[in-house]
Colleague: 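Dropping a structure here in structure tokens format, bear with me for questions.
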Amino acid sequence: MLILWCYTRLVGSEELTDMTLLVNNLKLKAMKKIFIVVVMLLPLLMSACIDFAKIKEKVTGTEEPQKENAVVGESGLKGEDATETSETAKAEDDASTKEEIISQIKKAWRNKSISVVSNSGAPGIKDFAKAFCLVYPDYGPNKCLLEYVNNPSGYVRGDGKSAITDKSSNGYLKSDFEYQYGWLTECCYWKRNNGHRLVAFWLEESHESGWEDCVVAFYDYDPQTGVMTPETSLCDMIEKEVKRFQTYNLRLPIEGKDIEIYAVSYDNDENMTDEGNYKLVWNGQTFKMKIEH
């Protein structure tokens, strides 16, 4: 203020007025330039703010999840198509699961004895089957077979239930999903000359062109101890004979005493390249391998 008072005394009031107008004019021009710069930078600032918001959402996990569309792709999946796709995926998961279970049983049974309980004197095929399925209940056919032997008259085949073949008088049982899933468990036993029982279990997972995975397990049942002990020598004999083949199938006898084995190999186009037929012939105590062709 002191400087302004001194300046007025030196130059006069009129010249001061002209100076004030000049300053105001300069201020106006500066403000116009600032406004133009702000207008030019505004879109860039807005874009930067949006990008920052997106980065913040990703880092903090607050980004709104995308909603699944009812229609997938150009053709889309609706109604029955979506249901069939879901069922196909479930079937593939089931197939993977059962293969893993068979592989686990294949590794475990050789080192595991099984106690057998019978409420009616000498055990029969239902008692042997129950004992085995209690140890390996996760395999679908075993689960159904266990349900059946616990309540034969109350078992009704339906969704998720296998077909049961009960030939108990011949010492034979089978739990079979047939071609719905292609997996089964069958079992039977033979009376040995020494008073023991030889008990066999065959588990199979198959498809149209062959057998994906399978396992055969033999046990010697001692009536004095009530225990089934793994008898691995018979499995070793079978595997030694059929090892040159890609896979094999085994059928326990519903009638008679011999076991039939069919071995086969395929090329990459699933054309059969080799096959062999064998028979395990019962001699009253054990089996002998016979080559059919």
Side-chain angles (χ1 to χ4, degrees), residues 98-118 123-150 152 162-178 181-192 196-206 211-223 226-239 242 247-262 278-280 282 286-287:
K98 64 193 177 191
E99 287 177 28
E100 292 175 0
I101 294 173
I102 289 181
S103 297
Q104 292 169 6
I105 295 173
K106 188 183 294 186
K107 295 176 182 178
W109 81 269
R110 289 174 172 265
N111 302 307
K112 195 177 190 66
S113 297
I114 300 175
S115 297
V116 180
V117 177
S118 175
I125 189 59
K126 288 188 176 70
D127 300 309
F128 294 131
K130 181 176 181 178
F132 181 82
C133 293
L134 282 171
V135 176
Y136 305 108
D138 294 331
Y139 187 55
N142 287 6
K143 186 181 298 184
C144 293
L145 191 56
L146 183 60
E147 182 179 341
Y148 173 78
V149 298
N150 282 330
S162 64
I164 302 295
T165 302
D166 185 348
K167 298 292 183 181
S168 299
S169 58
N170 294 340
Y172 176 92
L173 271 177
K174 181 170 71 170
S175 172
D176 189 357
F177 278 92
E178 298 173 333
Y181 297 107
W183 42 330
L184 64 85
T185 295
E186 63 176 350
C187 54
C188 66
Y189 76 92
W190 297 258
K191 294 181 180 179
R192 291 183 136 166
H196 289 205
R197 303 287 186 271
L198 180 67
V199 188
F201 297 88
W202 169 255
L203 284 67
E204 172 189 315
E205 192 276 308
S206 62
W211 303 280
E212 286 290 335
D213 207 355
C214 56
V215 59
V216 59
F218 290 95
Y219 295 87
D220 176 75
Y221 172 75
D222 185 346
V227 174
M228 293 194 304
T229 303
E231 189 157 318
T232 60
S233 59
L234 289 172
C235 297
D236 295 337
M237 177 180 67
I238 295 171
E239 291 175 0
V242 302
T247 185
Y248 73 96
N249 179 267
L250 181 150
R251 279 293 169 262
L252 300 178
I254 297 178
E255 296 180 352
K257 299 182 181 298
D258 298 338
I259 298 174
E260 295 183 355
I261 300 174
Y262 177 64
Y278 303 86
K279 181 177 287 188
L280 295 179
W282 178 250
T286 189
F287 289 100

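Numbers here simply count residues along the sequence, with the first being 1.
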Colleague: From W109 CH2 over to Y136 OH, what is the distance, rounded to the nearest 0.5 angstrom?
Modeller: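 Reported to 0.5 Å precision, the distance equals 9.0 Å.
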Colleague: Please list, chain by chain and in numerical order, all residues satisfying side chain to side chain donor-acceptor pair (under 3.5 Å) with K174, sequence neighbours excluded.
Modeller: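 Listed in chain order: nothing, the list is empty.
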Colleague: Mark yes when over 12 heavy atoms from residues, nucleotides or ligands other than K130 sit less than 6.0 Å from its NZ; otherwise mark no.
Modeller: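 It does not: K130 NZ has 12 such atoms or fewer within range.
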Colleague: side-chain contact (heavy atoms from CB on, under 4.5 Å) for D236 and R110? Distances and angles first, verdict last.
Modeller: CA-CA 11 Å; D236 295 337; R110 289 174 172 265; 3.0 Å; yes
Colleague: Side chains of R192 and R197: closer than 4.5 Å at any heavy-atom pair?
Modeller: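 R192 does not reach R197 side chain to side chain.
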Colleague: Run L280 and I238 through side-chain contact (heavy atoms from CB on, under 4.5 Å) and show every step you take.
Modeller: CA-CA 9 Å; L280 295 179; I238 295 171; 3.6 Å; yes
Colleague: Where is the tightest heavy-atom contact between Y219 and K112, given as atom of each residue plus distance?
Modeller: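 For Y219 and K112, the tightest heavy-atom pair comes out as CE2-O, 3.8 Å.
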Colleague: Looking at residues at least two apart in the chain, or sitting in another chain, which of them share a side chain to side chain donor-acceptor pair (under 3.5 Å) with K106?
Modeller: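 Per chain and number, K106 pairs via side chain to side chain donor-acceptor pair (under 3.5 Å) with D213.
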Colleague: Report the C-alpha distance between V199 and V116 in whole Å, list the side-chain angles of each, state the deciding distance to 0.1 Å, and finish with yes or no for side-chain contact (heavy atoms from CB on, under 4.5 Å).
Modeller: CA-CA 12 Å; V199 188; V116 180; over 6 Å; no
Colleague: Drop me the distance from I101's CD1 to N142's CG, to the nearest 0.5 angstrom.
Modeller: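 The CD1 atom of I101 sits 9.0 Å away from the CG atom of N142.
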Colleague: Nearest heavy-atom pair of F177 and C144: which atoms, and what distance?
Modeller: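 Smallest interatomic distance, heavy atoms only, reads CZ-SG, 3.8 Å.
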Colleague: Report yes if some heavy atom in the side chain of S162 is under 4.5 Å from a heavy atom in the side chain of L145; otherwise report no.
Modeller: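 A side-chain contact under 4.5 Å is absent here.
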Colleague: Rounded at 0.5 Å granularity, tell me how far CD1 in I105 sits from OG1 in T185.
Modeller: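 Reported value, rounded in 0.5 Å steps: 7.0 Å.
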Colleague: How long is the gap from CG on L198 to NZ on K257, to the nearest 0.5 Å?
Modeller: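 Interatomic distance, L198 CG to K257 NZ, rounded to 0.5 Å: 11.5 Å.
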Colleague: So F218 and F287, would you call those rings parallel, tilted or perpendicular, with 30° and 60° as cut-offs?
Modeller: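 Ring orientation of F218 relative to F287: tilted.
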Colleague: Checking side-chain contact (heavy atoms from CB on, under 4.5 Å) for the pair I259/L252: CA distance, chi angles, key distance, verdict?
Modeller: CA-CA 5 Å; I259 298 174; L252 300 178; 3.9 Å; yes
Colleague: State, to 0.1 Å, how close S175 and P141 come at their nearest heavy-atom pair, and which atoms those are.
Modeller: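 Answer, listing the atom of S175 first, then P141: OG-O, 2.8 Å.
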Colleague: Can you confirm whether more than 12 heavy atoms, excluding those of E147, are under 6.0 Å from its CD atom?
Modeller: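 Atom CD in E147 is crowded, with more than 12 foreign heavy atoms closer than 6.0 Å.
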Colleague: For residues M228 and Y221, report the shortest heavy-atom separation together with the two atoms involved.
Modeller: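 Looking at all heavy atoms of both residues, the closest pair is CG-CD1, 4.0 Å.
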Colleague: When rounded to the nearest 0.5 angstrom, what distance separates CZ in R251 from CH2 in W202?
Modeller: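 Rounded to the nearest 0.5 Å, the CZ-CH2 separation comes to 7.5 Å.
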Colleague: Looking only at heavy atoms, which two atoms of A129 and L173 are closest? And how far apart?
Modeller: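 So the minimum-distance heavy-atom pair works out to CB-CD1, 4.0 Å.
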Colleague: So do E255 and Y172 actually touch side chain to side chain, heavy atoms under 4.5 Å?
Modeller: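 Counting from C-beta outward, Y172 and E255 never come under 4.5 Å.
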Colleague: State the CD1-CG distance between I261 and N249, to the nearest 0.5 angstrom.
Modeller: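 Here the interatomic distance stands at 9.5 Å.
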Colleague: Using the six-membered ring wherever Trp is involved, compare the ring planes of F201 and F132 and label them parallel, tilted or perpendicular (cut-offs 30° and 60°).
Modeller: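 It falls in the parallel class, under 30°.
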Colleague: In chain order, what residues pass the side chain to side chain contact (heavy atoms under 4.5 Å, CB included) check against S115, with sequence neighbours excluded?
Modeller: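 V227.
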Colleague: Using a 4.5 Å cut-off on heavy atoms from C-beta on, say whether the side chain of T286 contacts that of W190.
Modeller: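 No, their side chains stay 4.5 Å or more apart.
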Colleague: Restricting to non-hydrogen atoms, name the atom on P152 and the atom on N150 that form the minimum distance, rounded to 0.1 Å.
Modeller: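 Taking every non-hydrogen atom into account, CD-C, 3.9 Å.
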Colleague: Evaluate the ring planes of F128 and Y189, with Trp represented by its six-membered ring, and classify them as parallel (under 30°), tilted (30 to 60°) or perpendicular (over 60°).
Modeller: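 Perpendicular.
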